[in-house]
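Take a look at the structure below.
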Amino acid sequence: MADGFLTQEHVQSYGRYAGEPTTEQLARFFYLDDNDKLLVGRHRGDHNRLGFALQLGTVRFLGTFLADPTDVPGIVAAYVAAQLSIEADSLTRYSEREPTHNEHVAEIRQAYAYKNFGEQPEHFRLVRWLYGRAWLSDERPSVLFDLATAWLVERKVLLPGPTVLARLVIQVRDRANKRLYSVLSGLADEDQRRKLERLLLIETDTRHTTLDRLRKAPTRISGAELVRALNRLREVRALGAGSFDLSGVPLGRVDALARVAVSIKAQAIYRMPEHRRVATLVAFARKLEATATDDALDLFDRLVSDLVSRSQGAERRERMRTIKDLDAAALALRDACELLLDPGLGDATNLGELRAQVFARTAEQDLQQAVARVGEIARPPEEDHQKELLRRWQTARAFLPDLLAAIDFQGTEAAEPVLEALDCLKGIDWKGRKSIDDAPISVVSSGWQRLAVDDNGKVDRKAFSLGVLEALQDTLKRRDIYVSPSERYADPRAKLLSGEAWEAARPGVLRALELPDSPGEYLQEVGERLDTAYRRTAENLPDKADVTIDPKGKGRDALDISRLDELEEPASLVDLRNTLGGMLPQVDLPELLLEMHERTGFADAFTHVAEGGHRVEDLHKSVCAVLVAEACNVGLEPLVEPGDAALTRSRLSWVAQNYFRADTLTEANARLVDAQAGIQLTGVWGGGELASVDGLRFVVPVRTINAGPNPKYFGRGRGITYLNYVSDKSTGFHGMVVPGTLRDSLFVLDGLLENQTSLEPVEVTSDSASYSDVIFGLFALLGYQFSPRLADAGEARFWRMDRSADYGPLNGISRNKIKVDLIHENWDELLRVAGSLKLGTVTASEFVRTLQAGSRTSTIAAAIAEVGRIAKSLSLLSYVDDEAHRRRILVQLNRHEKRHELSRKIFHGQRGEVRKRYREGQEDQLGALGLAVNAVCLFNSLYLDESVRHLKEEGEQTTDEDLARVSPLARGHVRVLGRYHFTLDNSVVEGGLRPLRDPEGLDEHEFPLADSGKSLL
């Protein structure tokens, strides 16, 4: 059907009151001004005046008139009646005479210029507006339907029936899609079409198509695998996608088509109409060229890191094996040197006598052997792996020529020496002589220079090549060297707003970030704040027994902050936890998910990757089953029920492949987060302004390049970090996968800027870690406060803007001076960076990589660091002066840890290990885990709120102080093991709540809240 995308929720809320309007909505749509009251006053009878006014407010709010104009929420009738000084009960008489309703409708339409749907020119404008949105973005039909509804309401066009508007949306969207398919398919000539079409054919001696093979990213970390990845890149380029001119096509639409080609089976693409099939393959080929480049460079980075790590390990083992020989040689040399340093030797002792005395103590041959042995074993500090890596030269030799030939590296001015070295390597005859003439040896580290250059000045190609590969890896990480086309290794600087685009966006950016156009105004404001913070902290310091300067009495300017004492738990809190925990209903995870869908419709956010309106019966049940499979890490097998069409193996596999992806998980998660934020009890826990970021570690036992080593977390294997963001309401609002344990500070801003929930955190905390001044600076410019927990206050550096200011006891620790001139001179560039990050033209993690310290620190990086030192000093002073602030940070971090414990319980299958090979699969699975945890959090919040209401009705007294220390992350009552059943009680399906349990008579272990929040304070 044309309107098949409409859900029951759409139909029920379209042109009707779905609930009570908010206070803001009442004021916006139902407030009667003088002209409104004048028109209302022309009618006789209170019931007619009230009915007329309600019809007026209803059409403003809903965009249509109700068949029964009295069918309005009581709060609306009371609000309007109060303005007219009329009793709301008089409305009952308004329903007695239907012709009056129609007369009032006609009067309102004429007086306020409301138009019928389909009237020109408004209908033409609507179609043109819809077509523009459908062409520029891949918005789903349901989104376009909602946007079109809002457009009609805003322009006083009376809403048509839901199916009429739905059909228009589908028609316009189909027109935009046909144009897209026509344009993209027209870019390929006949030869390119044949090459693209051959991707869908099954290859000889295999059961897979070329498309299936090219879609598979590398998984092994080896030189041979990198060569295969580079050959894959060459094969993709041979399709000719690089020659397609996509300047007239919205890139978002191209990306959406490419996602379809990556997700669905080749047979499904083959069955598409010709224009759509070719367009899909064109988008796939263009996108895959960038993806294949990134895959090859990811593998190169992991391979070089692996080679260096293995070489360092072998070097350490070799040194441990030879430590006894080194000790013996060192002792022999010590004996000789002791004699040389003996003050009893006179200045007149000649060399012959001295040698005789030395050799009398240590034989000449032994001394020569000791010197030779030390020379063999001892290493300069900069040589910790180079010799061992040279023994692994063949691994690098296998891929180096292909890497240089397949990828065109570009770079900034700072990377020119490395690019020159790469050009030198390209000219090498790998089968010829082993030395290189005119090699730019300065580009490699000093450790490599010693091995690369012999006594005659000749450069060894092996040592030089390995040194260049390490330099290439380093500059790639900082994006001083970049490639194109690419998504992860492109030049982030090119994505910054510039020229006319920046000038057009600048006023809006300044308003959004609340930054002044003048650097002087900014510096004056932050300078006053910093000075006030210093003086307040200095004044309060003598009264703080837990904060001391120079705690060891050694005259050292160091700060020491005592650990916070654990707050005592009053008996009322213990009793409240036990009572509320005993009242929470026990529930299986599948039932919990189904119930949360009934209350939020989160499963409706999962749409087909290729057909936005593709729906099947009981899709929500299939979605919840796949969600359990992914979140519990048990696979689909335990969820299969052959007798239930929604739970067959084929249905679940189809849903998992076509409905689960980053954008649908994000939207579904936003629905859960927003629903939990609307529960009254959650306001006691926090307002959503505070958030924390932390990593959850997972071992990855399968072959993949998207995992890294870290013995502390992964033992002898490899793993990933799920960097996730949690609000002070305990809900998670973003997450991302990081290979191994890369520096979290690279990604900490991404979650805030990509947040799509109603929460608006302004302060972010993190566990103790080494965060640079640049991170603090970017936070400050973007309007956020970064408040990490201090691991060692004594090592913290405080900065001041006024060198002459007297801050009393803080003078000793605040000697560092902010370079305000650097901020002043680069203010325009700082604003441009902040605006680009805010508007999403470049991600924070991409840009931060360019600011990482290399051989030279850029001016913009230094300026951002100066801004960060101001913000960091303000944060440190608040941490020192305000114990409540320190406790807030600790509470939030403990809350985050409790969420991780709940995540571990749910993610119990396969020993809690992630067994996905590719980055996208890992992120989707852990995104499903975060979604399931949020569903549990919403369930607990809902029933805790109901339990508190029940206790108050029973006369029980509760305080906000006690309720604030109750956690919605209880897990004892949620069952995740065993067989999974997807049925709901009818009372829950109809919107009711489960019955609360009676806490009386429960065993101690049956109180899920007993320890769920104890460590929070």
Side-chain angles (χ1 to χ4, degrees), residues 3 6 8-22 24-33 35-84 86 88-120 122-123 125-126 145-169:
D3 56 342
L6 289 182
Q8 192 67 21
E9 179 186 3
H10 270 112
V11 175
Q12 290 177 349
S13 61
Y14 181 80
R16 304 180 189 176
Y17 286 96
E20 293 185 348
T22 64
E24 293 77 12
Q25 289 171 333
L26 287 173
R28 179 180 178 185
F29 296 102
F30 296 94
Y31 177 78
L32 303 175
D33 62 20
N35 290 331
D36 297 336
K37 290 179 180 178
L38 181 63
L39 191 61
V40 169
R42 295 176 182 174
H43 299 87
R44 293 181 299 174
D46 288 350
H47 61 289
N48 283 328
R49 285 192 288 272
L50 180 56
F52 183 93
L54 285 173
Q55 291 228 60
L56 175 59
T58 295
V59 74
R60 287 172 172 171
F61 182 53
L62 299 179
T64 187
F65 297 98
L66 297 177
D68 179 3
T70 65
D71 187 19
V72 299
I75 189 174
V76 173
Y79 182 81
V80 174
Q83 297 180 71
L84 299 174
I86 294 175
D89 294 342
S90 63
L91 184 62
T92 56
R93 290 187 56 198
Y94 188 64
S95 59
E96 295 174 356
R97 189 171 182 273
E98 186 173 344
T100 302
H101 308 164
N102 299 330
E103 292 168 4
H104 289 178
V105 167
E107 187 177 351
I108 291 172
R109 289 181 55 184
Q110 182 177 0
Y112 293 92
Y114 277 92
K115 299 170 283 291
N116 281 328
F117 181 81
E119 289 184 10
Q120 300 295 353
E122 292 300 323
H123 189 72
R125 292 169 181 166
L126 170 63
F145 181 88
D146 291 338
L147 291 172
T149 302
W151 190 94
L152 292 170
V153 171
E154 183 180 347
R155 286 160 179 78
K156 295 184 178 182
V157 178
L158 296 177
L159 296 183
T163 56
V164 173
L165 183 58
R167 289 191 181 97
L168 176 64
V169 167

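All values derive from a computational prediction rather than experimental measurement.
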side-chain contact (heavy atoms from CB on, under 4.5 Å) between H104 and N48, worked out
CA-CA 9 Å; H104 289 178; N48 283 328; 4.2 Å; yes

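Shortest non-hydrogen contact noted between V153 and G63 is CG2-CA, 3.7 Å. Heavy atoms only, all atoms of each residue included: V72 and T58 are closest at CG1-OG1, 4.0 Å. Nearest heavy atom pair, residue I86 against residue L50, reads CD1-N, 4.3 Å. E20 and P73 make their closest contact through CG-CB, 4.2 Å (heavy atoms, listed as atom of the first residue, atom of the second, distance). Scanning both residues, L66 and G15, for their nearest heavy atoms gives CD2-O, 3.5 Å.
At a cut-off of 3.5 Å, with distance as the only test, a side-chain donor of D36 or Y112 sits close to an acceptor on the other residue.
Although no hydrogens or angles enter the test, the distance criterion places a donor-acceptor pair under 3.5 Å between the side chain of Q25 and the main chain of T22.
Residues passing the ring pair (Phe, Tyr, Trp, His ring centres under 6.0 Å) test with F30 are F61, sequence neighbours excluded. For D71, the side chain to side chain donor-acceptor pair (under 3.5 Å) criterion is met by no residue, not counting sequence neighbours.
Atom CG in L152 sits 10.0 Å away from atom CD in E154 (nearest 0.5 Å). Distance check: L56 CG to L32 CG gives 6.5 Å after rounding to the nearest 0.5 Å. For the atom pair K115 NZ and R155 CZ, the distance stands at 10.0 Å (nearest 0.5 Å).
Of the residues Q55, R42, H43, the one that meets the side-chain hydrogen bond (donor to acceptor under 3.5 Å, both in side chains) test with E107 is H43.
The aromatic rings of H123 and F117 sit perpendicular, their planes meeting at an angle over 60°, well past the 30° parallel limit.
For Q120, the CD atom sits in a packed shell: over 12 heavy atoms of surrounding residues, nucleotides or ligands are nearer than 6.0 Å.
Contact annotation: the side chain of L159 never approaches that of L62 to less than 4.5 Å [non-hydrogen atoms, C-beta and beyond].
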